[in-house]
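Chain identifiers are assigned alphabetically (A, B, ...) following the order of the sequence lines, protein sequences preceding nucleic acid strands; residue numbering begins at 1 within each chain.
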Amino acid sequence: MRIGYACLTVGVPRTSFRTCLLKNASNEKLETVIAHNLDALDHILDYNEAHRIRMFRITSDLIPFGSSPVNRLPWPALFEEEFNGLGRKIKETGLRVSMHPGQYTVLNSPDPRVVQNAAADLAYHARVLDLLGVSPEHKIVLHIGGVYGDKKTAAQRFIANYHRLADAVRQRLIIENDDRSYAIEEVLDISAATGAPVVFDNLHHTAKPSNTQRTVLDWIRQCRSTWQHGDGLQKIHYSQQAGGKRPGAHSESIRLEEFAAFYEGLEGLDLDIMLEVKDKNQSALRCMEWLESRKSFKA
DNA sequence: CCGCGTCAAGTTCAT
DNA sequence: ATGAACTTGACGCGG
């Protein structure tokens, strides 16, 4: 079991990412920012290794406008050395990385331009992971997308567009339930038609549940069957509700008792758990410490 | 130099 | 039909 965190660190020097506004995205500006961001990622890898963190999501903002025609910089070639070095470090330290395009990457839109942009964005994410030289166990997580008043048709469009994606994308793509439109059972149906492994997200599941007769562990076990050998260990997303905020808002930090109850509910199932929490690495470390103390207590 | 409005994406919902 | 909300941290301008 690995515990991971997403995109950013809290309290770690030289790990902040930069970006620029669209209107300022000159080649010179982009080159400076990308060089900075690859260096920041390098420091994050060092931090993860020093703290035995073995799972991490790389921010989609690593390369600003990475899938946009606005970015005409030949960054893959320019930074080949840096990517090689980062990839070597990832492999040497046994880190499992992933990426996760946000809510604006919509593969099932009825607008072909939106679909084209989504495909380009997914290709960008796969490009980054390929440049790092990491295996297909290092995934790209995607939500299904919009509903457009007709979920059946929208799901079919996702499936059709999935099959048109490049191999390099499809071998990394995994799909996740969201908190508004596509509940876990619907994502599992789409997985059956595409072969894409399913990421179970507990907080999204609470906000948008499928059949409530079934337990969380039931759903996680069913998701497990969508993960094949080359995909690596099944991953899930775990987060907790922020008190007083809208349903689905991520908490500031992980409440350990609640995490412990969730963990015990897994009944020993081995998983990789990506935490989605504001204080990032700090909660990851606390959860890892809790796991360690639990093991020594049990032993 | 601080603070806060703006940004970038696409869908959905409110006006 | 038009636009705000959603989401997020960092940008970048005004004071």
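Distance, A:L8 CG to C:dT8 P: 11 Å, rounded to whole Å. Atom P of nucleotide C:dA10 and atom CZ of A:R18 are separated by 12 Å, given to the nearest angstrom. Rounding to whole angstrom units, CZ of residue A:R113 and P of B:dG10 are separated by 9 Å. Across the protein-nucleic acid pair, A:N71 atom CG and B:dA8 atom C1' stand 14 Å apart, rounded to whole Å. Look at NE2 on A:H143: it is 14 Å from P on B:dT12, rounded to the nearest Å. As a whole-Å value, the separation of A:Y182 OH from B:dG10 C1' is 14 Å. Atom pair A:K23:NZ and C:dC11:P shows a separation of 14 Å (rounding to whole Å applied). One can place CD of A:Q103 at 14 Å from C1' of C:dG9, the figure rounded to the nearest angstrom.
Only the C1' atoms considered, B:dG10 is 22 Å distant from C:dC11, to the nearest whole Å. For the P atoms, the distance from B:dC13 to C:dT7 is 14 Å, rounded to whole Å. Between B:dG5 and C:dA4, the two P atoms lie 15 Å apart (nearest whole Å).
In this structure, A:K151 does not reach the B:dT11 phosphate: none of its side-chain N or O atoms is under 4.0 Å from OP1 or OP2. One finds no side-chain N or O of A:R180 lying less than 4.0 angstrom from the OP1 or OP2 phosphate oxygen of B:dT12. Distances shorter than 4.0 Å separate none of the side-chain N or O atoms of A:N24 from OP1 or OP2 on C:dC11. In this model, the phosphate group of B:dA8 is not approached by any side-chain N or O of A:T19 to a distance below 4.0 Å at OP1 or OP2.
For A:D121 and A:T105, the side-chain atoms include at least one donor-acceptor pair closer than 3.5 Å.
Between A:D178 and A:R180, no side-chain nitrogen of the basic residue sits less than 4.0 Å from a carboxylate oxygen of the acidic one, so the salt-bridge criterion is not met. Ion pair A:R221/A:E267 flagged as a salt bridge, since at least one NZ, NE, NH1 or NH2 atom sits closer than 4.0 Å to an Asp/Glu carboxylate oxygen. Under the 4.0 Å criterion applied to side-chain N and carboxylate O atoms, A:D231 and A:K139 are assigned as salt-bridge partners. In this structure, A:E252 does not pair ionically with A:K245, as no charged nitrogen and carboxylate oxygen lie closer than 4.0 Å.
Where A:F17 and A:R246 meet DNA chain C, the nucleotide closest to each residue was compared, and A:R246 sits on the side nearer the 5' end. The residue among A:K29 and A:G248 whose nearest nucleotide of DNA chain C is located toward the 5' end is A:G248.
The aromatic rings of A:Y124 and A:W75 lie perpendicular to each other, with more than 60° between the two planes, well past the 30° mark.
Counting any heavy atom pair closer than 4.0 Å across all strands shown, A:S109 reaches sugar-phosphate atoms only and no base atom. Nucleic acid contact for A:N117: sugar-phosphate only, since backbone atoms but no base atoms lie under 4.0 Å from a heavy atom of the residue. Counting non-hydrogen atoms under 4.0 angstrom, A:K245 reaches nothing in the nucleic acid.
Side-chain atoms of A:K278 lie closest to C:dG9 of the nucleotides C:dG12, C:dG9, C:dT7. Out of B:dT12, B:dA8, B:dT11, the shortest distance to the side chain of A:V147 is found at B:dT12. With distances taken from any side-chain atom of A:H250 to the nucleotides B:dG10, C:dG12, C:dT8, the minimum falls on C:dT8.
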